[in-house]
Amino acid sequence: MTNDLADVLSARVERIKPSPTLAISARADELLESGKPIINLSVGEPDFDTPDHIKEAAIKAIRDGRTKYTPVDGIKALKQAIVDKFARENQLNYKLNQVLVSCGAKHSIYNLFAAVVNPHDEVIIPAPYWVSYPDMTLLADGTPVIVNTDFADRFKLQSAQLEAAITKHTRIVMLNSPSNPTGIAYTLDELKALGEVLKRHPRIIIASDDIYEHNLWSQPSFSNILNACPELYDRAVIINGVSKSYAMTGWRIGYAAGPAKIIAAMKKVQSQCTSNPTANAQYAALAALQGDQQCVKMMRDAYKERHDFVVGELQTIPGIRCVPSDGTFYTFPSIEGLYNKVLGVTNDMEMAEFLLNEADIAIVPGSAFGAPGHIRICYTTSMNNLVEGMKRIKKVAGKLRIIT
Ligand code: PMP
Ligand code: GLU
């Protein structure tokens, strides 16, 4: 770039940073390619292959010539399957004009923010949060309002904290359960308590990011804010997608359901940005939602087994505090007890560097999720890798103590 172009970038883009989870994973991949024996516990994406019946549906769609533009908001059959899914699994009733299919749940959230956030509107984001919520708020010219939750509360937003964070500028309250990065899920009663607060503030839209709905093991069934508080139906937008449940991250299909007016506005944004999500990927998503759900259970059981192993190992390491997750494929231990045990490691960013350089382990520092003092470990890799990874972490943690 020449000097003339030095200030060419918009203030909006200058306000945001690239997705740290994707950046760390790209670095881990580069190191792996260069021959380093990296164990990548950074990016949150299933290691399982997309099930065959889903792939076959996409191949058939291509063969059948489903290679053209589709309606902006998605093919009717997929939208109907999403409506059916909400009725069957979530006891929520939507009409077709209340559903929008997008290029991943990430895109659904972006569309929502673009559709309802005005300059200086506030978006309440409980921390630890998924990396993209604050930056998407900034992209929409809004103001992220980060509310720190406590380890002692298992990182759950308390109703008094929510009440205290609400102002006349609050536009969205972002909820994500089970949560990336903590793996913690709200119970129905906890959601009811939050719902009581939200009922008193009619201007607020509630965004419920349910992308880890199926990766839940601590509760008999999944609940979201509308199950807890149906009165919020007219101002809640539910976000979901096929990436995490069906091992379909690369296909880029997510969806949103909510009030018809908001969904129509999101569709308008999408019509000017991406048009429809990829046609054959929509047929794949249709097969995922309508097909045998055994694959979902198989993957969840595998994540649970890995979770039990990883959390069990971490809990034996002095200096690490780790609470079990309710679901997802993440654990989010506190590592503050390991600080200052070796020259150069005084925070979670340095710990991430240290683990990468000394143990060939890629993890994401808690700061990326607004929670310094922690690291996120993603266990979407084989048990063999996890056994080796935990061995390495224990070894360096032991080394840290010897150096003291
Ligand atoms: N929300 C959360 C909490 C996530 O972890 C992710 C993972 N990328 C997304 C949304 C976006 O998912 P998708 O791949 O469907 O865009
Ligand atoms: N959500 C995943 C993660 O947190 C994928 C990366 C991203 O979309 O930022 O690792």
Side-chain angles (χ1 to χ4, degrees), residues 16-29 40-47 50 74 78 82 100-113 123 125-137 139 155 172 174-186 207-216 222 224 237-256 270 274 277-278 281-282 284-285 288-289 303 325-332 352 362-371 374-381:
I16 66 163
K17 56 188 179 321
S19 164
T21 41
L22 296 179
I24 289 166
S25 180
R27 192 166 155 218
D29 285 345
N40 189 354
L41 308 178
S42 67
V43 75
E45 104 170 315
D47 52 318
T50 304
L78 177 55
I82 292 167
L100 173 66
V101 185
S102 300
C103 309
K106 191 180 248 183
H107 187 210
S108 305
I109 301 167
Y110 180 88
N111 284 335
L112 172 64
F113 285 16
V123 177
I125 303 170
Y129 48 71
W130 179 45
V131 293
S132 291
Y133 301 146
D135 291 88
M136 284 198 202
T137 304
L139 272 179
F155 302 111
I172 296 181
M174 194 73 225
L175 296 176
N176 172 219
S177 171
S179 149
N180 177 2
T182 64
I184 299 300
Y186 289 85
S208 177
D209 181 347
D210 297 0
I211 192 88
Y212 295 100
E213 169 187 8
H214 291 124
N215 298 354
L216 175 70
F222 168 82
N224 66 21
V237 177
I238 309 294
I239 311 287
N240 211 324
V242 293
S243 288
K244 314 289 175 176
S245 303
Y246 300 95
M248 291 178 69
T249 42
W251 299 78
R252 310 308 304 130
I253 297 290
Y255 51 87
Q270 182 162 304
T274 58
T278 305
Q282 292 189 58
L289 292 180
Y303 300 139
S325 304
D326 296 311
T328 71
F329 30 62
Y330 307 111
T331 179
F332 198 65
I363 50 89
V364 185
S367 302
F369 310 95
H374 300 79
I375 56 173
R376 188 188 77 175
I377 294 178
C378 177
Y379 36 90
T380 50
T381 187

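Atoms within each ligand, like the ligands themselves, are counted from 1 in listed order.
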Practice item. Return the protein residues near ligand 1 (heavy atom under 4.0 Å from any of its atoms), ordered by chain and residue number. Key: Gly104, Ala105, Lys106, Trp130, Tyr133, Asn176, Asn180, Asp209, Ile211, Tyr212, Ser243, Lys244, Arg252
Study note, to complete from the structure: Counting only non-hydrogen atoms and a 4.0 Å cut-off, the residues near ligand 2 are Ser19, Thr21, Leu22, Val43, Gly44, Lys106, Trp130, Val131, Asn180, Lys244, Tyr330, Arg376
Exercise for review: Would you check if Ser243 and Arg252 make a side-chain contact, meaning some heavy-atom pair closer than 4.5 Å?
Suggested key: yes
Review point. Does the ring centre of Tyr330 sit less than 6.0 Å away from the ring centre of Tyr379?
Key: no
Check your understanding: Ring centres of Tyr255 and His107 under 6.0 Å apart?
Key -> no
Exercise for review: Indicate whether the side chain of Ser179 and that of Ser177 have a donor and an acceptor atom separated by less than 3.5 Å.
Suggested key: no
Study note, to complete from the structure: Contacts of Ala285 meeting side chain to side chain contact (heavy atoms under 4.5 Å, CB included) (sequence neighbours excluded), chain-then-number -> Leu78, Val242, Ile253
Practice item. Inspect the surroundings of OH in Tyr110 and state if more than 12 heavy atoms from other residues, nucleotides or ligands are less than 6.0 Å away. Key: no
Practice item. Compute the ring centroids of Phe113 and Tyr133, then answer whether they are less than 6.0 Å apart. Key: no
Practice item. Would you please name every residue forming a side chain to side chain contact (heavy atoms under 4.5 Å, CB included) with Thr50, sequence neighbours left out? Key: Ile54, Lys55, Met248, Trp251
Check your understanding: Closest approach of Pro178 and Asn215, non-hydrogen atoms and distance?
Key -> CG-O, 4.1 Å
